[in-house]
Each structure stands twice: as structure tokens, then as C-alpha cells.
There are 2 protein chains.
Amino acid sequence: MPENKLNSDTRERILDVAERQFMAHGFEGTSMRMITSMADVNLAAVNYHFGSKESLLCEVFRRRLTWLNRERLRVLDALEQQAKGSPLKPSQILEAFFGTLMRIGEDESLGGMTFLRLLGRTLTDPAEFIRAFFASEYAEVLERYKLALFRALPDVPKAEIVWRLHFMLGAMSYAIAGTDILHVITGHGIGDISGKEEDSRSEAKKLSARLMPFLLGGLRAALPQFAETSKQKQVPLAKTARNQPQEKQP
Amino acid sequence: MPENKLNSDTRERILDVAERQFMAHGFEGTSMRMITSMADVNLAAVNYHFGSKESLLCEVFRRRLTWLNRERLRVLDALEQQAKGSPLKPSQILEAFFGTLMRIGEDESLGGMTFLRLLGRTLTDPAEFIRAFFASEYAEVLERYKLALFRALPDVPKAEIVWRLHFMLGAMSYAIAGTDILHVITGHGIGDISGKEEDSRSEAKKLSARLMPFLLGGLRAALPQFAETSKQKQVPLAKTARNQPQEKQP
DNA sequence: GCCTTAATCAAACGTTCGTTTTAATAATAG
DNA sequence: CTATTATTAAAACGAACGTTTGATTAAGGC
């Protein structure tokens, strides 16, 4: 039985091209013929090596998410160990979760901004098989971080934390997807998608530095007041609550 | 020349069905045959009345966005007029922009949660014609609100405000799209998409009450510090800046 | 009455898609 | 060398898609 030879070169080339094409045009917008022709392999190669187009996308993700999941758990473990039983600070948890993700954008061998953008785009494209895939891939990590947040913010209702985690994931997806309506606001794009790979590192760093305080501010914001009975007036708007949950400082 | 008769009934029925199907399955995932059969019209009816599938989606949006744009400008105008030249509070601006959107979810005649979810889903599905459409539809409103935020937060760099506006749009899109990985966190879904229309109002109200403080907290969060020179250590994470930009209280 | 026009209908068109099939090629093991 | 296996190559398949065509119906205007 022959081992890999340089045939795995074909596999890797397909994965690299698919990652870039899925990022640029989305899953539906990328055809097998685009992928195979740009990777200089036969049309049937994808089905031979990966079984189907859907499995190819999953493999593109698995290649990167394996590192991400392990690293996220590793950092959280290290933080909790050095905290010796006391709850972590919310900023630490966010840095471990979102900061670890951002590090992918800084390192081309981990996928770089190409993979980050693909991730952001795919997370908001809820094809059924994709949702199922991410659900199983993320289950363990999300559970761990959710519990850490519960402990870090004991005064905030758990349902509220879950919702805010949800909002944070949304802001993050948008932030790393990049291909948005931001150019409408600024009058010009954030920067071409097919920009220079050179400053992919610094781009990811800046993005991370901007996103992190935003997420933390949202996470620790005032709790909502559910005034179900009183109708709020139209223009003189209702004031938001002022009972800020304070961050635990161990 | 005959006027509308009750033929416009066909148009409306197509729009209603298309709105719901695009929401549930996305643009690519919804076929013309699905739409026309559910609307009990002939397959050719869509092309006859709207020209193409893409034009149909645009018309589905235009029907709702006309109100949204006008209302957003009206509320902002009213706020600025009653402020008599002094800058608005960030919370007022967010309430005018995002709160107005959320009111659509509370009113079935404005589109309800169905339209909100469609909007959230579509905003993150950057097909080219969709981005072009939203760019032109949102240009004026976003420009006005951007300027209002600049005035409301004079101590925050304008680029930073633009980025945070971007993050806020991401959190909002995710929040109203709903079909996310939140069920992974909670262990069960937020609620079925095809849920009861009865409590669509209260659902939108609760969502708004939860999202708004989050956005405001993120908008007013600590400014990032760009420590380009010093490499941050791995596990003992760098602290975030503490120079909070304070909200102007006129 | 007839003409014009709007609207609906059944049927087909041409394309693109993911996938499969069948054959040919290269490499290894016995 | 031969047999076996892994990979590539060319071609076609069948289904689904958005769209178009041409006939048919219904409704005013004159």
C-alpha cells in the first residue's frame, strides 16, 4: 500500500484554493469547476479526495479549527489554574476566546485573514449542514467559556450573559467578515479583500485591538429593564438603566 | 388602459410569500418554483411582475425600507431640533437608529419579525447585487447618523466611531437574524423561526431591550491602545485601556 | 360589436451545477 | 514481471435553476 507520496500535494492545493474561493464568493457562489481549475487538478479530484463539496468545506474548516479549539481550551485552563479557584475577569475570558481567534489572522500558517474572513462569512450563512457542523465543532469550547462567564459575572442573569455572548459573536463575525456596508459609512472600502498579505498581521492586530474593548463594553453594559407595562414615548426616548454590573477584581 | 383591478393582489401575494421564504431559506435557497407555487401563481408571474428574481428581492426590501429610512430621518430630525444645536446623547442616537428598526419587529404591518430576520440574514450574505442595493438604500441615513455620532462623541476619533458603528451593525444583524449558533450555547434554540406570530411583538421588545444596552456599552467602551512596539505576553493578557470617553450630558 | 392591453397559463429552453462513470496512468508489493 | 492499488483524466449524467415563449383569457375604450 503506497503512502502519501506527493499526492497529498493535490489535497493541500485543493484545500488552499477552496479556502480562498469560499472566502471570496461564498459556498454557493463557488463552483467545483472554479476550485479544480484554479488548483490545476481534475474536476473529479474533489469528489475523490473529499467525497463531496460539503465535505470539502468542512475539511477546510477542520484544518484550522482543530488548532483554535485546542488553543482556546489551553488558554482558559491556564488562566483558571493561575486564578486558583477564584473567578476570572471578564476581560481575561474575552481575550482568551476572541483574542485567540484573532491570532489566526496574524499568522498565515494558521489561516490568516483569509480564513478569518471565511469564518465570519460562513457563520452568517446558515445553510443547514454548516450550522450542524459548527454546532458540533464549537459545543465543548462554548460550554466551557459560558460557564467561565457565569462565574465571572455572578450578578448578571445567566440568560443575559448568553444573549450578550450571542451579540458578541455577531459583532465578531461582522468584524472579521469585512465585506460589509462599512464602505457606505466611510465612503470607501475598508481595504480590498485581495489586499496585500504583507500587512495581514498588523491588520488583524488593529482589528483585534478595536474589537476587544467594544465587546467588553457591551458585555459589562447596563442591564436592561423590562418595562412591559409602560409604553415608551416616541421621540423623547426612554432612558437606559444605570445599574452597571461591576467587574470582579480578584 | 385598465388600472390595477385586483391584479395587484397577485403582486402582494408574491411579495408576502417571497419575504417569508427568503427569510427561511435565504436567497439562493429559495427557488422561483417554491415562491410561485406557495403563492398560487404561475411560474412566470414573478418575471412578469418584477422582471427577475433579484429584482423581486429588492422590491421585498424596498417595500419596508421606505418606511424605515423615512422614520429614522424623522426621529433624528426631531431630536436635533429639540436639542437646539447641542450634540445629542449617544443613547438617543442609538435609540433612534436601532430602536426604529426594532419597532418593525413589533408591528406586523411593517414586516414584523419575519422581515427583521430576513434583513439580518441578507445583510450578512454579501451577494454583489445585494450589497449594491443596500449601499444606495442606506447611504443617506447612515451619513446623517454618522455625523450625529461624531458630534455626540467629540473625544473619540472618528475612525473609531466608524468601526464601532460597524460592530454595532454586526451585533444587530446577528441579533435579528436569530438563526445562529446560540442554540449551541443554551442547549436549545431561541425559538422556532416559524413560531407563533402572536408574541412577535413582545419578542421584538425583549430583543430590543437586550440589544440596546449592549450596543451602548460597546460604543462607549474604553478606547483601544495600539501598542505596536510591545509584544503582549501569551497567557497573562494585556490590560485594556481605561480612558473611558464620557457621554456628553447637555 | 371589435381592438388594445394587461394578466395568466402551460410548456419548453438553455445553462449550470454536483456528481458519477469508465478508462488510462503511475507507483508499490510480492 | 505481474497484480494491486491509488490517483488522474475525459466525458457524460441527471437534476435543478432562472428565464422566455406563445397561446389564452379577461377587461375596458370607442
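Below, chains carry the letters A, B, ... as their sequence lines are ordered, and counting in each starts from 1. In this text, all values refer to a predicted model and were calculated from it rather than measured experimentally.
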**Student:** Grab the CZ-P distance between R11(A) and dT8(D) for me, whole Å please.
**Tutor:** 11 Å
**Student:** Rounded to whole angstroms, how far apart are CD1 on I14(B) and C1' on dA7(C)?
**Tutor:** 11 Å
**Student:** Pairs under 3.5 angstrom, nitrogen or oxygen only, protein versus nucleotides 21-24 of chain D, please.
**Tutor:**
none

**Student:** Could you pull out all residues at least two apart from F97(A) that satisfy ring pair (Phe, Tyr, Trp, His ring centres under 6.0 Å)?
**Tutor:** Y145(A)
**Student:** Go through the structure and list residues passing salt bridge (Lys or Arg N to Asp or Glu O under 4.0 Å) with R64(B), not counting sequence neighbours.
**Tutor:** E19(B)
**Student:** Taking the six-membered ring for Trp and the full ring for Phe, Tyr or His, determine whether the centres of F61(A) and F115(A) are under 6.0 Å apart.
**Tutor:** yes
**Student:** Tell me, please, which residues at least two apart from T100(B) pass side chain to side chain contact (heavy atoms under 4.5 Å, CB included).
**Tutor:** W67(B), L68(B), E71(B), R72(B), V75(B)
**Student:** Atom OH of Y48(A) and atom C1' of dG18(C): how far apart are they, to the nearest Å?
**Tutor:** 19 Å
**Student:** Mind checking salt bridge (Lys or Arg N to Asp or Glu O under 4.0 Å) for D16(B) and listing every partner two or more places apart, or none if nothing turns up?
**Tutor:** R63(B)
**Student:** At under 4.0 Å, does any side-chain N or O of H49(B) touch on OP1 or OP2 of dT8(C)?
**Tutor:** yes
**Student:** Whole-Å distance between dT16(C) C1' and H25(A) NE2?
**Tutor:** 16 Å
**Student:** Does L219(B) reach the side chain of F167(B), with side-chain heavy atoms less than 4.5 Å apart?
**Tutor:** no
**Student:** I'd like to check the side chain to side chain contact (heavy atoms under 4.5 Å, CB included) partners of S31(A); sequence neighbours left out, ordered by chain and number.
**Tutor:** R33(A), M34(A)
**Student:** Among residues at least two apart in sequence or on other chains, which ones pass ring pair (Phe, Tyr, Trp, His ring centres under 6.0 Å) with F50(A)?
**Tutor:** none
**Student:** Let me know the distance between CG of N47(A) and P of dT20(C), rounded to the nearest Å.
**Tutor:** 6 Å
**Student:** Just the rounded figure in Å: distance from P of dG18(C) to CZ of F129(A).
**Tutor:** 11 Å
**Student:** Send over the distance from M34(A) CE to dT16(C) P, rounded to a whole Å.
**Tutor:** 13 Å
**Student:** For DNA chain D, which residues of residues 50-62 of chain A approach it to below 4.0 angstrom with any heavy atom?
**Tutor:** none
**Student:** Could you work out, with salt bridge (Lys or Arg N to Asp or Glu O under 4.0 Å) as the rule, every residue matching D107(B), not counting sequence neighbours?
**Tutor:** none
**Student:** Tell me: CE of M32(A) to C1' of dT16(C), nearest whole Å?
**Tutor:** 13 Å
**Student:** Any side-chain N or O of S31(A) below 4.0 angstrom from OP1/OP2 of dT16(C)?
**Tutor:** no
**Student:** List for me each residue that meets side chain to side chain contact (heavy atoms under 4.5 Å, CB included) alongside N69(A), sequence neighbours excluded, and say none if there are none.
**Tutor:** L65(A), E137(A), Y138(A), V141(A)
**Student:** Measure all distances between protein nitrogen or oxygen atoms and nitrogen or oxygen atoms of nucleotides 12-15 of chain C, and list the pairs falling under 3.5 Å.
**Tutor:**
none

**Student:** What nucleotide, of dA10(D), dT19(D), dC9(C), holds the atom closest to the side chain of N42(B)?
**Tutor:** dC9(C)
**Student:** Return the set of residues passing side chain to side chain contact (heavy atoms under 4.5 Å, CB included) with E54(A) (not counting sequence neighbours), or none when no residue passes.
**Tutor:** F27(A), S52(A), F129(A)
